[in-house]
Amino acid sequence: MIAVYPGSFDPFTNGHLDVARRAARLFDRLVIGVYATPEKKLLFDLDERVALARAAVSAFSNIEVRPYSGLTVELARAATAQIIVRGLRVSADFEFEFDLAMMTHKLSPDLEMLCLMASPQYQFLSASLLKEVARLGGNVDDWVPAEVAEAVKTKVGRTI
């Protein structure tokens, strides 16, 4: 069975890696879809986000990372996926994910959504908070894979 795990991944955090690792154990193949044009201010461009995600999951033979634009259901169709994986950090995420699941079902009734609860050590972690900490000079090494930490430091160093 194939699943897709979509997101902006700006940047790819240890929370994302935790969800990807757990999903990779559940499915034959996991496609991480890096969304090209999210409605948020990005630190990294699409190619950089894809490269950082690929570096983070390089140890997993059943995970593929690819960029996409348009509807996530179209990414799922292109990957012949039956499941969309989403991560839930806090209870406030549930309402958004519930609405997203209902819309996904309307667009593609055969596609299921699976939400994995964030592991306790990552429940507070969001890419937005991580970027703010980095911009203010805080250490983000514990929250992202090593390759991502270096890229964040380099990128933030250029934008200060």
Side-chain angles (χ1 to χ4, degrees), residues 3-27 30-60 62-68 72 75-76 81 83-105 111-160:
V4 296
Y5 177 28
S8 58
F9 304 112
D10 183 51
F12 198 87
T13 69
N14 286 340
H16 296 133
L17 181 58
D18 180 59
V19 170
R21 179 185 303 120
R22 291 164 49 211
R25 287 194 319 243
L26 298 173
F27 301 103
L30 178 68
V31 176
I32 295 176
V34 180
Y35 189 58
T37 55
E39 292 186 16
K40 49 176 90 169
K41 184 175 163 90
L42 296 171
L43 182 60
F44 295 100
D45 67 28
L46 179 60
D47 291 338
E48 291 169 321
R49 289 181 287 132
V50 168
L52 290 171
R54 283 181 177 148
V57 299
S58 63
F60 299 90
N62 67 330
I63 298 179
E64 168 192 348
V65 178
R66 65 169 84 159
Y68 80 103
T72 300
L75 168 67
I83 305 284
I84 294 176
V85 172
R86 300 287 295 177
L88 287 177
R89 293 178 300 120
V90 294
S91 60
D93 289 346
F94 178 77
E95 285 187 40
F96 175 78
E97 297 300 341
F98 182 85
D99 291 345
L100 190 58
M102 294 299 101
M103 182 60 74
T104 297
H105 181 72
L111 195 56
E112 294 293 336
M113 180 142 343
L114 173 70
C115 291
L116 295 176
M117 304 305 139
S119 295
Q121 68 267 35
Y122 303 120
Q123 287 179 347
F124 72 95
L125 181 57
S126 73
S128 298
L129 283 175
L130 182 138
K131 288 185 282 192
E132 184 174 349
V133 168
R135 283 187 183 111
L136 295 172
N139 185 343
V140 298
D141 290 353
D142 291 341
W143 304 329
V144 291
E147 305 89 348
V148 176
E150 289 307 313
V152 168
K153 291 172 192 171
T154 300
K155 184 69 77 161
V156 170
R158 278 192 249 142
T159 60
I160 288 178

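Throughout, residue positions are numbered sequentially from 1 according to the sequence presented.
- Counting only heavy atoms from C-beta outward, the side chains of Leu100 and Ile84 never approach each other to under 4.5 Å.
- Rounded to the nearest 0.5 angstrom, Leu88 CG and Met117 CE are separated by 4.5 Å.
- In this structure, OH on Tyr68 lies 12.0 Å from CD1 on Ile32, to the nearest 0.5 angstrom.
- Val152 has its side chain within reach of Phe44: a pair of non-hydrogen atoms, C-beta onward, lies under 4.5 Å apart.
- Closest of all the heavy-atom pairs between Val65 and Val50 is CG1-O, 3.9 Å.
- When all heavy atoms are compared, the tightest approach of Pro6 to Arg86 is O-NH1, 3.5 Å.
- Closest of all the heavy-atom pairs between Lys41 and Asp10 is O-OD2, 4.0 Å.
- Side-chain N or O atoms of Glu150 include none that pairs as donor or acceptor with a backbone N or O of Glu147 at under 3.5 Å.
- In this structure, Arg54 has no salt bridge (Lys or Arg N to Asp or Glu O under 4.0 Å) partners at least two apart in sequence or on a different chain.
- Within a 6.0 Å radius of CE in Met103, other residues, nucleotides and ligands contribute 12 heavy atoms or fewer.
- Of the candidates Glu39, Lys40, Arg49, Ser8 forms a side-chain hydrogen bond (donor to acceptor under 3.5 Å, both in side chains) with just one, namely Lys40.
- Atom CZ of Phe9 is separated from atom CG of Leu42 by 13.0 Å, given to the nearest 0.5 angstrom.
- Residues Leu125 and Gly15 approach most closely at CD2-N, 3.9 Å, considering heavy atoms.
- For the pair Ala56 and Phe12, the tightest heavy-atom approach, listed with the atom from each and the gap, is CB-CD2, 3.5 Å.
- Across Arg22 and Ser119, no two heavy atoms sit closer than the pair NH1-OG, 3.6 Å.
- One distance of note links NE2 of His105 with CE of Met113; it measures 11.5 Å at 0.5 Å rounding.
- Ionic pairing of Glu132 and Arg135 is not present here: no N-O contact between side-chain nitrogen and carboxylate oxygen is shorter than 4.0 angstrom.
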**Asked** Could you go step by step and tell me if Arg66 and Leu75 meet the side chain to side chain contact (heavy atoms under 4.5 Å, CB included) rule?
**Response** CA-CA 9 Å; Arg66 65 169 84 159; Leu75 168 67; 3.8 Å; yes

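- Partner Val57 forms a side chain to side chain contact (heavy atoms under 4.5 Å, CB included) with one of Asn62, Ile63, Leu52 and no other, that one being Ile63.
- Taking a 6.0 Å sphere around CZ of Phe98, one finds it holds 12 or fewer heavy atoms contributed by other residues, nucleotides or ligands.
- For the pair Phe60/Leu17, a side-chain contact is recorded, criterion being any heavy-atom separation below 4.5 Å from C-beta on.
- Within the model, atoms CG of Leu114 and CZ of Phe27 stand 5.0 Å from one another, a figure rounded to the nearest 0.5 Å.
- Side chains of Thr72 and Thr104 form no contact here, defined as non-hydrogen atoms less than 4.5 Å apart.
- The NZ atom of Lys155 lies 6.0 Å from the CG atom of Asp45; values are rounded to the nearest 0.5 Å.
- Between Lys153 and Asp141, at least one side-chain N (NZ, or NE/NH1/NH2) sits under 4.0 Å from a carboxylate O, which counts as a salt bridge.
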